[in-house]
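Read through the structure below, which is laid out as structure tokens, and then see the notes.
Here the structure is a predicted model, which is why all the values come from computation and not from measurement. What's counted below: heavy atoms across the whole structure, side chains too, no hydrogens, waters or symmetry copies. Letters A, B, ... are given to chains in the order of the sequence lines, protein chains preceding strands, and every chain is numbered from 1.
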Number of protein chains: 2
Amino acid sequence: MQSYTEENYLKVIYHLSEANHPVQTNAIAERIQTKAASVTDMIKKLSEKELVNYVKYQGVTLTEKGKLTAINIVRKHRLWEVFLVDKLNFKWDEVHEVAEELEHIQSNLLIERLDEFLDFPKVDPHGDPIPDKHGNFAELAFVKLSKLNSGDKGTITGVSEHSSSFLKHLEKLGLTLGKRIEIIEVLEFDGSVELFVEQQKTNISREVAKHILITKN
Amino acid sequence: MQSYTEENYLKVIYHLSEANHPVQTNAIAERIQTKAASVTDMIKKLSEKELVNYVKYQGVTLTEKGKLTAINIVRKHRLWEVFLVDKLNFKWDEVHEVAEELEHIQSNLLIERLDEFLDFPKVDPHGDPIPDKHGNFAELAFVKLSKLNSGDKGTITGVSEHSSSFLKHLEKLGLTLGKRIEIIEVLEFDGSVELFVEQQKTNISREVAKHILITKN
DNA sequence: TTTATTGTTTAGACAAATCTAAAAATTTTA
DNA sequence: TAAAATTTTTAGATTTGTCTAAACAATAAA
Ligand SMILES: [Mn+2]
Ligand SMILES: [Mn+2]
Ligand SMILES: [Mn+2]
Ligand SMILES: [Mn+2]
């Protein structure tokens, strides 16, 4: 069993990992809001436990065991977010902090029953995929809205930024999960996007467009 | 805000408190599965924070602030137990350990929404009363089954022992919350009780009878 | 290919919660 | 009420996770 803190490190390393590239000490430090020296200490400990592969000055990667542990925490986080939104009427910008705590509750029975109670959801309230109990993700074909061209149509199926301010902004524009959109024009000079959201014409900045995920159809 | 550990101390002191009698260091140590020396240290810390009244060698009592904090943890514990039984189909002997973890989740919104989702339950799966958000308990008139005499009738409305083995034993005998009982005879020589549980004749030891709570009617 | 810059690790210290062993206070018993 | 037993506290250490400051390594710039 891992401590609350160890679990958080594993989860952060997981989220920072891309295609087998080792994750840097400073990147972890920034995410966890701590100092690089503390990260080095913890990495050594996780390495002892064979949860990460660590070579001095070369950063870390997760071992298979570490990856499974991390994915399980992600699974719990996202299931709890679904619970909060679907059952307790939380808004999608209110769930993250509480899920950060709930994800550390230790009980397999609890999480399997919760999964069942929620009717085995495949995505969380932000469109992020929920792995099954074996750590397998359903493949989801997302495209960033910022990659679309005029005339393209699709459905909003996710966001890649979870801050409350961003989510509230989308809410205000009516850009929530499940909404159909159609690109009218991508403006040359600032990359901002003019689009229809179910008849309604709107304009969003390139920055916002980058964090909206679309399934083309 | 208190730490996880501080919260556990407050809760234990609350449960050990009876009619303003100070709670002894050793009693706390036993409940928390720690050593008396550790308890003394923590008590000093809680005293600093004005959560307990502490006089060296004289034991502790909760301050008003400490008591409210403790009751809030009890409230959370019991609401989560209701959730686990009513919504996730846990058995009454399976909920306590998980609730021990869930009770420390920090979110007022969460707990108020959960209360609402569960339809404002007044008692938990063991018949223990759930305080409202202001810390007020509904008055419940319980009598220990061991205090009843032959001919007395009533309904099982609670238990004062929460171990899994005890609860499973009751389950086996059909002695679960809501069941109507009638005392046939209290045996002289060992205090064991012969009773009807909805037509079915059963015999239980005095020890078991002491931990079953009855509403006479 | 030296020098600067950036990133990482080590050394030593600290706070929280725990422990053991010994000292002190309280309560019980004789 | 003095001795014995029990309970509680203190002193000093330990573990976990953190920090600062300084040393070290890797990378970028000159
Ligand atoms: Mn989240
Ligand atoms: Mn999410
Ligand atoms: Mn319980
Ligand atoms: Mn209970």
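Residues Gln106(A) and Glu7(A) have side chains that bring a donor and an acceptor to within less than 3.5 angstrom of each other. Donor-acceptor pairing under 3.5 Å is recorded for the side chains of Thr215(B) and Thr157(B). A side-chain donor-acceptor contact under 3.5 Å links Trp92(A) and Glu171(A).
Using a 30° and 60° split on the angle between ring planes, His162(A) and His96(A) fall in the parallel class, below 30°.
Contacts of residues 30-40 of chain B with DNA chain D (heavy atom under 4.0 Å): Ala36(B), Ala37(B), Thr40(B). Near DNA chain C, defined here as any heavy-atom distance below 4.0 Å, there are no residues from residues 13-22 of chain B.
Between the OH atom of Tyr57(A) and the P atom of dT9(C) there is a distance of 7 Å, given to the nearest Å. Remark: C1' of dT9(C) and CE of Met42(A) are 16 Å apart, rounded to the nearest angstrom. Rounded to an integer number of Å, the gap from CG of Leu46(A) to P of dT16(D) is 13 Å. The distance from atom NZ of Lys44(B) to atom P of dT18(C) is 15 Å, rounded to the nearest whole Å. Atom NZ in Lys49(A) sits about 12 Å away from atom C1' in dT15(D), given to the nearest Å.
The side chain of Lys56(A) places no N or O atom within less than 4.0 Å of a non-bridging phosphate oxygen (OP1 or OP2) of dC24(D). Distances shown here put every side-chain N or O of Tyr54(A) at or beyond 4.0 Å from the OP1 or OP2 atom of dT8(C). Here Gln24(B) does not reach the OP1 or OP2 of dT7(D): none of its side-chain N or O atoms lies under 4.0 Å away. In this model, the phosphate group of dT18(C) is approached by a side-chain N or O of Tyr9(B) to a distance below 4.0 Å at OP1 or OP2. Put simply, Thr25(A) has a side-chain N or O that comes within less than 4.0 Å of OP1 or OP2 on dT9(C). One finds a side-chain N or O of Asn26(B) lying less than 4.0 angstrom from the OP1 or OP2 phosphate oxygen of dT8(D).
A donor-acceptor contact shorter than 3.5 Å is absent between the side chain of Asn72(B) and the backbone of Thr69(B). Side-chain atoms of Glu161(B) never come within 3.5 Å of backbone atoms of Phe166(B) as a donor-acceptor pair (strictly under, hydrogens ignored). In this structure a side-chain-to-backbone donor-acceptor pair under 3.5 Å is present from Glu94(A) to Lys91(A).
Take Val123(B) and apply the side chain to side chain contact (heavy atoms under 4.5 Å, CB included) test, not counting sequence neighbours, and it matches Leu140(B).
Each of Val23(B) and Asp41(A) was assigned the nucleotide of DNA chain D with the nearest heavy atom; the assignment lying further toward the 5' end belongs to Val23(B).
Because its NZ or CZ atom is not both nearer than 6.0 Å to the ring centre of Phe83(B) and within 45° of the ring axis, Lys87(A) does not count as a cation-pi partner of that residue.
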